[in-house]
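Heavy atoms only: backbone and side chains are in, while hydrogens, waters and symmetry mates are out. Treat the numbers as computed from the prediction; the structure is a model and nothing was measured.
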Amino acid sequence: MKYIGFIIILMVSAFGYAQHRKQATPIPLKTLQQQIALSSNLQLVDVRTPKEYRLGAIAHAVNIPIAKRKTFKAQCLKTLHKDTPVFLYCYRGVRSSRAGKILKRLGFSEVYDFSGGWKAWQEHLNLSP
């Protein structure tokens, strides 16, 4: 009987860890900026629509829209390397979060979600002296 509580805690922890592994790791603006500055091997993906992308995007980002999931999956598998970190962003973070889950399910090992998105990036640029 005394082990039931331990078993329940163990099961809940294992489930939480499994769920976490299926999601992209959220990162703040400063971390993304540091990664861009430090790495020439960075895979930066803008998952917004082509129209949104044309209106402005982070330098060196490729546009792989998530609107059509089948196309998104195919294009990611064709364009991105599974063993190289992938940094995702959209406008505010909702679509990039969904994209991160898809990439994790496809077997990408390191997936990061810039949770502030283009909006935060643009606001930061406008505030810079």
I want to check something: taking the side chain as every heavy atom from C-beta on, are Arg48 and Arg95 in contact at a cut-off of under 4.5 Å? yes
State which residues pass side-chain contact (heavy atoms from CB on, under 4.5 Å) with Arg92; sequence neighbours excluded, sorted by chain then number. Lys119
Any sub-3.5 Å donor-acceptor pair from Thr79's side-chain atoms to Gln75's backbone N or O? yes
Distance from Asn63 atom CG to Lys51 atom NZ, nearest 0.5 Å? 14.0 Å
Applying side chain to side chain donor-acceptor pair (under 3.5 Å), can you list everything that pairs with Tyr53, at least two apart in sequence or on another chain? none
Residue list, side chain to side chain donor-acceptor pair (under 3.5 Å) with Gln35, at least two apart or on another chain: none
Test: salt bridge (Lys or Arg N to Asp or Glu O under 4.0 Å). Region: residues 64-78. Which pairs qualify, not counting sequence neighbours? none
Quick one: pull up CD in Glu123 and CG in Leu125 and give me the separation to the nearest 0.5 Å. 10.5 Å
Looking at every heavy atom in both Ala24 and Asp113, which two are closest together, and how far apart are they? CB-CB, 3.9 Å
How far apart are the closest heavy atoms of Gln43 and His81, and which atoms are they? OE1-N, 2.7 Å
Taking every heavy atom of Lys82 against every heavy atom of Gly107, the minimum-distance pair comes out as CD-O, 3.9 Å
Given side chains that start at C-beta, do those of Tyr89 and Leu44 come closer than 4.5 Å, heavy atoms only? yes
Hydrophobic side-chain clustering at under 4.5 Å (ILVMFWY, transitive links): who's grouped with Leu38? Put none if nobody. none
The reported gap from CD in Glu110 to NZ in Lys104 (rounded to nearest 0.5 angstrom) is 8.0 Å
Fellow cluster residues of Val86, listed by chain then number, with links counted only when side-chain atoms sit under 4.5 Å apart: Val45, Val47, Val62, Ile64, Ile66, Phe72, Leu77, Leu80, Leu88, Ile102, Leu103, Leu106, Phe108, Val111
Between Tyr112 and Phe87, how do the two ring planes meet: parallel, tilted or perpendicular, split at 30° and 60°? parallel
Main-chain N/O of Asp46 paired to Ser96 side chain as donor or acceptor, under 3.5 Å: no
Could you tell me whether the side chain of Glu52 and the main chain of Tyr91 form a donor-acceptor pair under 3.5 Å? no
